[in-house]
Amino acid sequence: MTLPPHERVFVPLDTPDLGRAKAVASDVAGHVGGVKVGKELFTALGPGAVLEITGGNIPLFLDLKFHDIPNMVAGAVGSAVNMKPYMLNVHAAGGRAMMRAAADAAGEAAAKTGLQKPLVLGVTVLTSLDDSDLRDTGIPDPALDQVKRLAALTQESGLDGVVCSGREIENLRAQCGPDFKLVVPGIRPRWASADDQKRVLTPADAVSRGADYLVIGRPITGAADPAEAAGRIRDELAEAA
Ligand code: C5P
């Protein structure tokens with residue numbers, strides 16, 4: 001992939017405060033690939049604020065993890081395209097028909113509005129769930145088996161990639177081939193605290209294992225100078241490339 005290394009990095013704006021979100025987005029723009037908006041900001045501020053934050057030109061990962069009947073998800077994805085996301089996601093556990101509906105809706109909304117079709121990603125198993133949590137939901141297999149099964153289903157359903165943990169990158173890259181996008185959170189430069197992330201990879205390690213996009217939050221958003229922290233990560237990725 002020819003993407004400049006720092007353009008792989010998406011910074012989460014996990015705040016209900018519009019001023020704070022705009023400040024972080026403008027601090028890091030140019031040092032990273034884009035910003036990630038999740039349920040907290042979106043629910044507090046809505047789609048108009050998302051467009052105000054990105055100005056329609058900072059690449060957006062819309063992390064709303066849709067999971068519903070196919071018709072509802074298709075409608076949500078169609079509406080989401082108006083926020084001009086570079087990528088968005090749905091839960092792979094929603095199944096084949098739901099994922100196909102999401103991919104179709106993204107293509108149709110993009111064609112209708114003339115906007116770019118976003119990459120549509122599947123979320124496999126939330127990394128907050130361990131094998132015992134999965135057993136409670138009726139899935140007896142180890143989490144990695146379920147991740148691989150749902151990644152295969154995501155790919156068969158015509159989606160562009162998955163969100164996965166650092167420890168799944170190599171398995172999924174081997175299974176899904178070079179073009180399937182792997183988006184990886186839980187990334188920590190060596191100089192940053194691990195916070196509540198239990199297993200972390202450095203940005204360069206994640207890329208060398210095969211990640212396409214990295215979600216890096218608190219090492220940047222919690223830094224005294226977010227632009228400087230983002231710049232440091234950009235330089236480290238460039239050195240390793
Ligand atoms: O880098 P940091 O841990 O601060 O990033 C937090 C962001 O990454 C949140 O937006 C969260 O949604 C996302 N994330 C995560 N751990 C996962 C999956 C996603 O922290 N296992």
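Atoms within each ligand, like the ligands themselves, are counted from 1 in listed order. None of these values were measured; they are calculated from a predicted model.
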Provide the full list of ring pair (Phe, Tyr, Trp, His ring centres under 6.0 Å) pairs with a residue in residues 119-152, sequence neighbours left out, each pair given once.
none

Does the distance from a Lys or Arg side-chain N to an Asp or Glu carboxylate O, for D63 and K65, drop under 4.0 Å?
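Salt bridge between D63 and K65, a charged N being under 4.0 Å from a carboxylate O: yes.
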
Side-chain touch L60/V50, heavy atoms, less than 4.5 angstrom:
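A side-chain contact exists here, since the closest heavy-atom pair is under 4.5 Å.
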
Closest protein heavy atom to [atom], given as residue, atom name and distance to 0.1 Å:
{"atom": "atom 2 (P) of ligand 1", "value": "R188 NH2, 3.3 Å"}
{"atom": "atom 20 (O) of ligand 1", "value": "Q197 NE2, 2.8 Å"}
{"atom": "atom 14 (N) of ligand 1", "value": "P185 CB, 3.7 Å"}
{"atom": "atom 10 (O) of ligand 1", "value": "D14 OD2, 2.6 Å"}
{"atom": "atom 21 (N) of ligand 1", "value": "T127 OG1, 2.0 Å"}

So is there a nitrogen or oxygen of [X] less than 3.5 Å from a nitrogen or oxygen in ligand 1?
{"X": "R218", "result": "yes"}
{"X": "P219", "result": "no"}
{"X": "K65", "result": "no"}

Please determine whether any non-hydrogen atom of V215 lies less than 4.0 Å from an atom of ligand 1.
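Yes.
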
Number the atoms of ligand 1 from 1 as they appear, then name those within less than 4.0 Å of a heavy atom of [X], with their elements.
{"X": "P12", "value": "7 (C), 10 (O)"}
{"X": "G217", "value": "1 (O), 2 (P), 4 (O), 5 (O)"}
{"X": "K36", "value": "9 (C), 10 (O), 11 (C), 12 (O)"}

For A230 against V32, the heavy-atom pair lying closest together:
CB-CG1, 3.9 Å

Anything under 3.5 Å between a donor and an acceptor, one on a side chain of residues 92-111, the other on a protein residue two or more places apart or in another chain? List them.
unit_1 : atom_1 : unit_2 : atom_2 : d
R96    : NH1    : E156   : OE1    : 2.7
R96    : NH2    : E156   : OE1    : 3.3

Classify the angle between the aromatic ring planes of F61 and F10 as parallel (below 30°), tilted (30 to 60°) or perpendicular (above 60°).
perpendicular

Are D205 and S208 close enough that a side-chain donor and a side-chain acceptor fall under 3.5 Å?
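No pair is found: no donor N or O on one side chain lies under 3.5 Å from an acceptor on the other.
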
T15 and D17: side chain donor to acceptor below 3.5 Å:
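No, because no side-chain N or O of T15 sits under 3.5 Å from a partner of the opposite role on D17.
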
